[in-house]
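Working notes, beginning with the structure itself.
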Amino acid sequence: VMAGGANMAKPLLKIQRYFRRKPVRFFSLILLYLTAGSLVFLHSGFVGDSGPGARGGRDSPVASEMGSRTSLSDARGLGIMSRVFKETRRSGRRFGPPWMKKARQEGQEVRRGGDYTNNWNRALKGRSAKDVDDGRAKYIGCYIDDTQKRALRGVSFFDYKKMTVFRCQDNCAERGYMYAGLEFGAECYCGHKIQTANSSESECNMECKGEKSNLCGGANRLSIYRLELSQESARRYGSAIFKGCFHRPDNVTLALPFSATIQNMSVEKCVDTCTEREKTLAVLAGDRCHCGFPTPLFSLHEPENEDMCLNRCHGEEFESCGNDEYFVVYQTQVQDNRCMDRHFLPSRAKQLVALASFPGAGNTWARHLIELATGFYTGSYYFDGSLYNKGFKGERDHWRSGRTICIKTHESGRKEIEAFDSSIIMIRNPYKALMAEFNRKYGGHIGFASQAHWKGKEWPEFVRNYAPWWASHTLDWLNYGKNVQVVHFEDLKRDLFSKLKGMVLFLGLKVSEDRLLCVEGQKDGNFKRSGLRKLEYDPYTPEMRANINELIRTVDAALKKRNMSGVPEEYMPR
């Protein structure tokens with residue numbers, strides 16, 4: 001036996017001596033081996049996730065235990081891939097507004113034109129009150145999912161280690177979807193319509209990978225939530241944005257200059273037709289497709305109850321195409337160029353107008369709106385190269401140049417304030433403004449502060465220093481400013497057309513309603529944070545809130561003393 005062992009050891013000794021003499025070759029061989037293994041894993045990961053129904057054999061017992069049995073390298077690979085939020089490419093785009101206003105009021109889900117009716121109370125059976133309604137979503141039941149024909153046909157993402165109900169809801173809501181569905185404990189699907197039948201609650205029996213206290217669907221079963229979207233959230237349908245249901249304009253030919261009859265009408269066909277005609281609105285009226293731009297003749301300012309537009313499309317059972325009297329309207333991806341031209345003032349301005357705000361109160365957004373609405377560049381008390389590169393060409397001018405329509409400033413000293421002849425003061429809810437400025441300070445104009453900054457000493461110190469400035473900034477401008485107009489950020493978001501119209505008039509310019517309607521269609525510009533990294537907790541301590549609430553009351557009283565309306569109701573502590 002010993003002789004046999006000695007014979008076996010000889011080749012091993014030779015290999016050892018070889019690599020001792022050639023260590024570089026040894027490490028190169030190891031590196032090549034590891035690289036090959038990684039490539040094989042990545043390839044298998046992408047192939048397993050590429051098709052509509054590809055789950056890596058999810059119906060097998062092995063697949064169903066993936067979260068607990070994955071090897072260390074597999075878990076790392078899945079962790080990398082799970083952070084990629086992807087648009088799932090399915091056969092044919094799906095459009096169609098969720099006609100649900102009555103359903104919201106009556107507390108039950110309504111399914112039309114092929115959708116399946118499901119009683120609200122039945123769907124809630126066995127769920128706690130917290131699961132049912134936490135202010136952002138309502139649980140509506142367990143539904144069958146088909147890998148070849150998805151129940152929810154919007155975007156999707158997977159995380160086999162940290163999926164939670166809130167994370168899925170937040171991601172779907174941020175993209176304007178009406179429904180969020182969780183499946184297989186780790187998969188999140190978004191959509192505007194539930195295009196399947198409901199199933200027994202007992203079949204949605206898999207715990208969420210990121211929180212064992214909640215259920216996240218099952219094998220081919222979705223736990224679906226209806227999302228409570230904020231008013232300004234856009235509802236996206238493929239390449240188009242749903243704008244609502246509107247009454248037929250008095251003169252359709254004048255209001256919507258292009259029109260065509262389309263056989264087997266669907267939202268996709270009308271959107272494609274209007275996109276080819278380079279029009280921003282696709283308007284469905286039964287089998288007629290109208291295309292145009294928002295104008296005073298068809299401003300989209302008076303939406304009707306969505307039930308008025310109920311009329312199933314001939315070419316797609318889950319869509320509604322409106323009728324002769326009530327039109328379904330979508331905004332295409334075609335850019336409305338009626339408000340895109342901007343120039344410096346043709347002659348030197350006689351007065352210097354400040355656009356003053358506390359940092360984080362929406363000054364850059366207001367500049368974007370003003371430039372589109374007036375056609376003139378805005379200036380700045382400072383110089384920001386990133387803003388200049390984004391198209392704010394007045395950024396390089398000296399603030400006294402007189403070539404810009406108004407000048408951004410965050411200054412609040414008496415001397416700086418009195419240098420301006422008039423001023424628009426932007427005010428924002430301090431709780432939102434402080435967080436926005438903290439994100440800008442540590443993450444840039446559309447970036448985010450890291451968790452380390454929020455959890456570290458930076459945030460408490462920032463609030464301690466900046467919160468008093470939020471109040472003193474407004475008080476100083478009210479005290480020393482000449483010819484002041486106050487604009488609340490929240491009011492501008494809620495009623496952009498009339499508030500922006502007032503700002504244009506204050507600047508001494510003639511209002512172009514076509515330009516204002518054009519601005520409404522592209523109001524966000526390049527300076528809106530995506531919201532995907534919202535904090536999942538309240539960063540304000542009770543002590544911080546007590547101090548900020550007192551500052552809000554002070555500003556409210558100062559505004560009313562100047563015979564102005566006080567702060568919006570949502571600012572006030574409850």
Side-chain angles (χ1 to χ4, degrees), residues 135 230-232 353-367 369-370 406 408-414 416-418 420 422-441 459-507 535 538-574:
S230 56
Q231 282 186 337
E232 67 272 13
V353 184
L355 179 63
S357 76
F358 173 79
N363 201 307
T364 302
W365 179 55
R367 289 177 68 186
L369 297 176
I370 289 169
C406 61
K408 162 193 173 176
T409 179
H410 298 311
E411 301 301 308
S412 56
R414 178 172 183 172
E416 288 81 6
I417 293 171
E418 291 181 343
F420 292 95
S422 59
S423 55
I424 296 172
I425 305 174
M426 290 282 296
I427 304 176
R428 186 181 186 183
N429 186 327
Y431 288 105
K432 299 291 180 67
L434 288 167
M435 292 178 73
E437 175 57 11
F438 189 70
N439 275 321
R440 188 209 63 78
K441 187 177 175 70
W459 171 244
E461 188 176 319
F462 177 86
V463 173
R464 188 166 54 251
N465 294 327
Y466 275 66
W469 181 21
W470 173 85
S472 65
H473 181 279
T474 298
L475 298 176
D476 286 346
W477 277 92
L478 289 175
N479 193 23
Y480 303 123
K482 310 165 197 170
N483 190 21
V484 172
Q485 184 190 54
V486 170
V487 176
H488 292 283
F489 175 88
E490 292 77 12
D491 291 341
L492 187 59
K493 282 182 72 176
R494 228 180 338 255
D495 187 10
L496 187 140
F497 186 89
S498 66
K499 295 299 178 187
L500 187 55
K501 184 177 181 178
M503 293 165 76
V504 173
L505 290 170
F506 182 83
L507 293 168
L535 289 180
D538 181 358
Y540 293 101
T541 64
E543 183 184 0
M544 289 177 184
R545 286 190 170 274
N547 291 333
I548 292 171
N549 289 344
E550 189 57 40
L551 295 171
I552 290 172
R553 292 188 191 98
T554 303
V555 170
D556 184 62
L559 289 169
K560 289 175 178 173
K561 190 176 179 181
R562 289 281 298 263
N563 293 320
M564 298 176 178
S565 58
V567 299
E569 188 64 31
E570 61 254 45
Y571 290 25
M572 299 304 289
R574 285 171 174 77

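- If you look at Tyr540 and Trp459, their ring centroids are closer than 6.0 Å.
- From Thr554, atom OG1 reaches atom CG of Leu559 across 11.0 Å, with rounding to the nearest 0.5 Å.
- Between Arg494 and Asp491 there is a salt bridge, since a side-chain N of the basic residue sits under 4.0 Å from a carboxylate O of the acidic one.
- Here the side chains of Ile424 and Leu507 are in contact, with some heavy-atom distance below 4.5 Å.
- Taking both residues in full, the closest heavy atoms of His473 and Ala356 are given as CE1-C, 4.0 Å, listed atom of the first, atom of the second, then distance.
- Here the closest heavy-atom approach between residue Asn549 and residue Tyr431 is recorded as OD1-OH, 2.7 Å.
- Interatomic distance, His410 NE2 to Glu416 CD, rounded to the nearest 0.5 Å: 14.0 Å.
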>> Checking Leu369 against Met503 for the side-chain contact (heavy atoms from CB on, under 4.5 Å) test, could you report, in this order, the C-alpha distance in whole Å, the side-chain angles of both residues, the deciding distance, and whether it holds?
In response: CA-CA 10 Å; Leu369 297 176; Met503 293 165 76; over 6 Å; no
>> Please determine whether side-chain contact (heavy atoms from CB on, under 4.5 Å) holds for the pair Thr474 and Val486, giving the CA-CA distance in whole Å, both sets of side-chain angles, and the decisive distance to 0.1 Å.
In response: CA-CA 9 Å; Thr474 298; Val486 170; over 6 Å; no
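- Across all their heavy atoms, Ala471 and Leu551 have their closest contact at CB-CD2, 3.8 Å.
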>> Between His488 and Tyr571, is the side-chain contact (heavy atoms from CB on, under 4.5 Å) condition met? List the steps.
In response: CA-CA 11 Å; His488 292 283; Tyr571 290 25; 3.6 Å; yes
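- The CH2 atom of Trp469 sits 14.0 Å away from the CG atom of Leu475 when rounded to the nearest 0.5 Å.
- Under the 4.0 Å criterion applied to side-chain N and carboxylate O atoms, Glu490 and Lys493 are not assigned as salt-bridge partners.
- Without hydrogens or angle criteria, Trp470 side chain to Ile427 main chain gives no donor-acceptor distance under 3.5 Å.
- For the pair Asn363 and Lys408, the minimum side-chain heavy-atom distance is below 4.5 Å.
- Considering only heavy atoms from C-beta on, Pro430 stays 4.5 Å or farther from Phe358 through its side chain.
- Note: Lys441 NZ to Leu434 CG = 12.5 Å, rounded to the nearest 0.5 Å.
- Other residues, nucleotides and ligands contribute more than 12 heavy atoms inside 6.0 Å of the CD atom of Glu418.
- In this structure, Ile417 CD1 and Thr409 OG1 are separated by 8.5 Å, a value rounded to the nearest 0.5 Å.
- A donor-acceptor pair under 3.5 Å is absent between the side-chain atoms of Arg414 and the main chain of Tyr480, judged by distance alone.
- The shortest non-hydrogen separation linking Asn483 to Phe506 is O-CZ, 3.1 Å.
- Met435 and Pro539 make their closest contact through CE-CG, 3.9 Å (heavy atoms, listed as atom of the first residue, atom of the second, distance).
- At distances below 3.5 Å, not a single donor-acceptor pair connects side-chain atoms of Ser423 with backbone N or O atoms of Ile425.
- The two residues Leu355 and Ala366 come nearest to each other via the heavy atoms CD2-CB, 4.1 Å.
- Here the side chains of Asn547 and Glu550 are not in contact, with every heavy-atom distance at 4.5 Å or above.
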